[in-house]
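Notes follow the structure.
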Amino acid sequence: MNSFEYKHFYDQVGKTNGWDFSKVKCVSEGTHPDLYAEVTHICKSSDLLLDIGTGGGEAILSIAESALLLIGIDQSTGMLETATRNGAESGIVNVRFLQMEAEQLHFPNDFFNIVSCRHSEFVADEVARVLVSGGAFLTQQVSEDDKSNIKEAFGRGQALGTEAGTLQQRYMNDLRQAGFNGIRAVAFNVAEYYETVEDLIFLLKHTPIIPNFGQSDADFEILQQFVKDNQTEKGIRTNAGRFVITATL
């Protein structure tokens, strides 16, 4: 999936569900960091916070009390429509949503105290430019070994064949070159169990894990065999591979 195809896919997901997987029945086995819990831990009530790739805005709306002003940006028109609707329905007044590319942040220098980014691209130099001295950046990203048994079953998938840790190292190098220090990374890989095949299909149709999933009848034959091979008492087993990076300027 190239950049153009991903952006089109992402926009379509934004229009349908705003990247909201709250109805998917899935349980994780094992402990892992919670990005926005980490954000609230370091955030002060006087802070300005920027969230890159905010999706439907559910995350920053849930932590709105932690900062003075929270701004969520996203490249997708569909995502912003969902985020704006969610914001209006919430009645929360200190959260704003703007359509913007991560490559060019239309904010003044030294403007935000904290920048967060979950499962979205970011440009380290731009993040450094808009952060105040001493400001913090936190990001959670999908590792190359995420959903490894699913990608192996289909013989294709996001980052299939790329060594785990490649993206983490690239981001850490980018942050270091942009002037960040105190850079810390925590990687985790936990078991996930999807309750039903419908939950798994929703995941695959609304994420780029398996490009063009469902456009071929063969995909459903592969899925049927995958479910048979990975069905457990806890649900259909796969894994979640993630890493969290924190850095200060």
Side-chain angles (χ1 to χ4, degrees), residues 6 9-11 13-28 31-45 47-102 105 107 111-123 126-127 130-131 135-143 146 171 185-186 188 190 192 202-203 206-209 240-247:
Y6 180 80
F9 166 83
Y10 185 72
D11 199 46
V13 173
K15 291 176 181 177
T16 57
N17 79 331
W19 219 256
D20 180 8
F21 295 88
S22 60
K23 295 181 181 178
V24 174
K25 297 181 289 297
C26 174
V27 295
S28 297
T31 59
H32 54 82
D34 181 327
L35 178 69
Y36 291 100
E38 293 286 327
V39 170
T40 59
H41 181 69
I42 65 172
C43 205
K44 299 191 294 291
S45 59
D47 283 346
L48 304 185
L49 181 147
L50 172 66
D51 188 51
I52 297 173
T54 201
E58 297 89 357
I60 61 169
L61 286 168
S62 72
I63 64 167
E65 293 182 356
S66 300
L68 180 66
L69 176 67
L70 304 89
I71 299 177
I73 65 166
D74 207 286
Q75 66 184 8
S76 164
T77 302
M79 291 293 178
L80 262 296
E81 290 173 357
T82 300
T84 301
R85 182 172 63 251
N86 287 339
E89 291 175 354
S90 74
I92 295 170
V93 297
N94 66 327
V95 176
R96 303 285 186 275
F97 296 108
L98 302 172
Q99 187 168 15
M100 196 179 299
E101 298 280 349
L105 301 176
F107 299 107
F111 191 71
F112 293 100
N113 305 97
I114 297 175
V115 176
S116 57
C117 173
R118 184 172 65 179
H119 302 174
S120 177
E121 288 281 347
F122 65 89
V123 176
E126 275 294 272
V127 174
V130 301
L131 265 177
F137 174 62
L138 304 90
T139 183
Q140 177 177 300
Q141 299 290 337
V142 178
S143 302
D146 180 66
Y171 278 147
V186 177
F188 59 94
V190 299
E192 280 189 337
F202 185 92
L203 173 79
H206 292 85
T207 66
I209 294 168
R242 303 284 190 272
F243 61 90
V244 173
I245 297 176
T246 59

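This is a predicted model, so every value here is computed, not measured.
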Atom pair CG/CD1 of Leu49 and Ile71 - distance to nearest 0.5 Å
9.0 Å
Of all heavy-atom pairs between Ser66 and Cys43, which one has the smallest distance, and what is that distance?
O-SG, 3.4 Å
Is there a side-chain contact between Phe243 and Phe188 (heavy atoms, below 4.5 Å)?
no
Please enumerate all residues that pass side-chain contact (heavy atoms from CB on, under 4.5 Å) together with Glu126, with sequence neighbours excluded.
Leu105, Val123, Arg129
Provide the closest heavy-atom pair for Gly87 versus Leu61 in the form atom of the first, atom of the second, distance.
N-CD1, 3.9 Å
Between Thr246 and Glu38, a side-chain donor and acceptor under 3.5 Å:
no
Judged by atom type as modelled, is there a donor-acceptor pair below 3.5 Å linking the side chain of Gln99 to the main-chain atoms of Gln75?
yes
Just jot down the side chain to side chain donor-acceptor pair (under 3.5 Å) partners of Asp146, sequence neighbours excluded, or say none.
Arg242
Under 6.0 Å from the CD atom of Glu65, do we count more than 12 heavy atoms belonging to anything else shown?
no
Has His41 got a side-chain atom pairing as donor or acceptor with Ala37's backbone, closer than 3.5 angstrom?
no
Rounded to the nearest 0.5 Å, the CD1 atom of Ile114 sits from the CG atom of Leu50 at a distance of 11.0 Å
Take Asp74 and Phe97 through the test side-chain contact (heavy atoms from CB on, under 4.5 Å) and record every step on the way to the result.
CA-CA 8 Å; Asp74 207 286; Phe97 296 108; over 6 Å; no
Answer yes if the side chains of Gln141 and Thr139 hold a donor-acceptor pair under 3.5 Å, and no otherwise.
yes
Report the C-alpha separation of Leu203 and Ile209 in whole Å, then their side-chain angles, then the decisive distance to 0.1 Å, and conclude whether the side-chain contact (heavy atoms from CB on, under 4.5 Å) test is met.
CA-CA 8 Å; Leu203 173 79; Ile209 294 168; 3.9 Å; yes
Considering residues at least two apart in sequence or located in another chain, which fulfil the side-chain contact (heavy atoms from CB on, under 4.5 Å) criterion with Ala59?
Tyr36, Arg118
